[in-house]
Every structure is written in C-alpha cells, then in structure tokens.
2 protein chains.
Amino acid sequence: MAGGGPVKALVVVAHGSRRESSNDEVRALATRMHTRSGMKYDLVNCGFLELAEPSIPGGVQQAIDAGATQVHIYPYFLSAGRHVVEDIPAEIEIARVANPDVAIEILDYLGAAEGLADFIFSQIGNRRLR
Amino acid sequence: MAGGGPVKALVVVAHGSRRESSNDEVRALATRMHTRSGMKYDLVNCGFLELAEPSIPGGVQQAIDAGATQVHIYPYFLSAGRHVVEDIPAEIEIARVANPDVAIEILDYLGAAEGLADFIFSQIGNRRLR
C-alpha cells in the first residue's frame with residue numbers, strides 16, 4: 001500500500017449458508033484471489049448476505065478500515081435473482097452512506113460472465129470423474 | 001452423430017428457481033455451451049433439481065433419447081452443499097437404473113474449479129461497472 005494512488009479492494013459477496021464448509025469455500029476463494037490478484041487489487045475479502053459473517057457492509061468496512069479507498073463488489077452468484085438485483089444493492093447502499101468518500105461499485109455477477117461457457121469446458125478437461 | 005464412436009452428452013444441472021428468468025439463464029448457458037462444445041460433446045442440455053423442467057433424470061433421458069451413449073453431468077453449483085453431495089447423485093442413480101447401458105458420470109461442480117479465481121479476474125476486466 002505504498003505510494004499515493006487509490007488502495008483498491010475487491011469484496012466477494014456470497015449468499016451465506018448454514019453449512020460452515022460452504023462459507024469456508026467462499027473465504028478460501030477470496031484468499032486464493034488475494035494471492036493471485038497481482039496489481040489489480042491490494043485487498044480481497046468477502047461478505048455474506050445472510051447466515052455467515054462478515055455481513056456485506058461488514059466486509060466492505062473491513063476493507064475500508066484496512067485502507068481501501070476504492071472498493072469493487074463481486075456478486076458470487078449464478079443468476080440475476082432478487083439477491084443480485086435488489087438485496088446486494090441495498091446492502092451496498094448502507095456501506096456507501098457510512099463511507100461517502102469511498103468509491104464503491106458493484107461488478108457483474110459470476111453467472112453473467114461472457115466467457116463462462118468456455119471456462120467450464122476448459123475445466124472439464126482437468127476434472128476427475130467420480 | 002456420424003461414425004461409430006460414443007455419442008457424448010453434457011447435462012448442465014442447476015438448482016431451479018421460481019423465477020423463470022433464472023431458469024432461462026441456465027438454458028441459455030446450455031445452448032451457448034452446445035454452440036461452443038466443438039468436438040467435446042455432441043449434445044448439451046440441462047436438468048433442474050426442483051422448480052423447473054426438465055428434471056435431472058428427465059434431462060438425462062432427453063440426451064439418451066437423442067442418441068447419447070455417454071453422459072457427463074455438470075453440477076452448476078458454487079459449493080459442495082447437500083444438493084451437490086447427496087441430491088444430485090441420488091437423481092443420477094435414478095437415471096442410471098433406467099439406462100444401465102449408458103455411462104453416466106458426475107463431474108466436479110463449478111465452485112470446485114481450480115481456475116475459478118483466475119477466471120474471475122479475467123472477466124472483471126471486461127465488465128462494465130454499475
């Protein structure tokens with residue numbers, strides 16, 4: 001976090017599950033993304049809509065408390081259901097009101113990714129069948 | 001489907017939603033995957049665990065009725081919850097019993113993909129912010 005440029009954070013936002021192992025999968029993804037983020041983000045963490053911690057505003061706040069001045073929200077969801085269309089923007093609005101000087105932007109959700117079909121094919125070749 | 005080799009099908013298996021637009025996203029993905037499957041699969045279709053048609057055994061049967069002799073099941077899920085660990089294998093068992101001569105295998109689910117972190121970063125660069 002040296003220099004005078006913006007400190008960029010990515011917050012991976014997931015639904016949250018009663019199964020802690022599912023939440024841990026999201027946390028592990030965020031950790032793996034942090035490791036591989038290269039120059040793109042200084043921080044990567046996560047936030048959950050429900051059933052797990054931190055909450056979405058909580059995850060954003062963690063990033064800001066760690067120095068982030070620019071926050072991207074990545075909805076780790078497969079379809080544009082109510083959570084993506086309504087609930088996540090509402091949670092982000094809470095974070096924006098609490099941090100008016102921080103640029104907080106919501107990226108497209110995973111399921112909308114143009115390259116998803118090709119990615120799936122690329123991964124199928126690597127997978128063990130069971 | 002010329003030649004004497006196996007006819008390969010991929011069935012994209014999703015949860016299913018009350019929002020038909022979410023189910024249509026899965027159907028559109030399957031169509032896109034069919035278009036891009038190249039030599040890998042002769043057919044790509046989908047199946048839903050609940051709330052949408054076709055069911056998982058129904059989607060497998062459609063593929064077999066269209067000539068598939070080898071079927072891969074792709075769980076379009078982000079975490080190894082009950083649906084991935086128990087429910088999908090149980091549905092596939094129904095399809096296997098009904099089609100003992102067809103090789104039906106379950107691939108790893110989307111969230112388990114090794115390259116997912118890198119894929120997400122590659123897509124973020126392409127995304128419009130909102």
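Just so we're clear, the structure is a prediction, and the values are computed from it rather than from any experiment. No hydrogens, no waters, no symmetry mates; every other heavy atom, side chains included, goes into these values. Proteins get letters first, then strands, A, B, ... in listed order; numbering begins at 1 in each.
With a threshold of 4.5 angstrom between heavy atoms, B:Ser17 does not approach chain A through any atom at all. Residue A:Arg18: no heavy atom, backbone or side chain, is found under 4.5 Å from chain B. With a 4.5 Å cut-off on non-hydrogen atoms, A:Arg19 touches chain B through its side chain but not through its backbone. Residue B:Ile73: no heavy atom, backbone or side chain, is found under 4.5 Å from chain A. When heavy atoms are compared at a cutoff of 4.5 Å, B:Tyr41 approaches chain A solely by way of its side chain, counted from C-beta outward.
For the options B:Gly81, B:Ser21, B:Ala30, B:Ala14, heavy-atom pairs under 4.5 Å to chain A are most numerous at B:Gly81.
Distance CG/B:Leu110 to CD/A:Gln123: 9.0 Å, rounded to 0.5 Å. Between the OG atom of A:Ser22 and the CZ atom of B:Phe77 there is a distance of 11.5 Å, given to the nearest 0.5 Å.
One hydrophobic cluster holds both B:Phe121 and A:Val26 under the rule that ILVMFWY side chains link at heavy-atom gaps under 4.5 Å.
Closest of all the heavy-atom pairs between B:Ala113 and A:Phe119 is CB-CZ, 3.8 Å. Considering every non-hydrogen atom in both A:Tyr109 and B:Glu25, the closest pair reads OH-OE1, 2.6 Å. A pairwise comparison of heavy atoms in B:Glu114 and A:Arg36 identifies O-NH1, 4.2 Å as the closest pair.
Residues B:Leu29 and A:Leu78 are not in side-chain contact: their nearest non-hydrogen atoms beyond the backbone lie 4.5 Å or more apart. Residues B:Ile120 and A:Val12 have side chains not in contact (no heavy-atom distance under 4.5 Å, counting atoms from C-beta outward).
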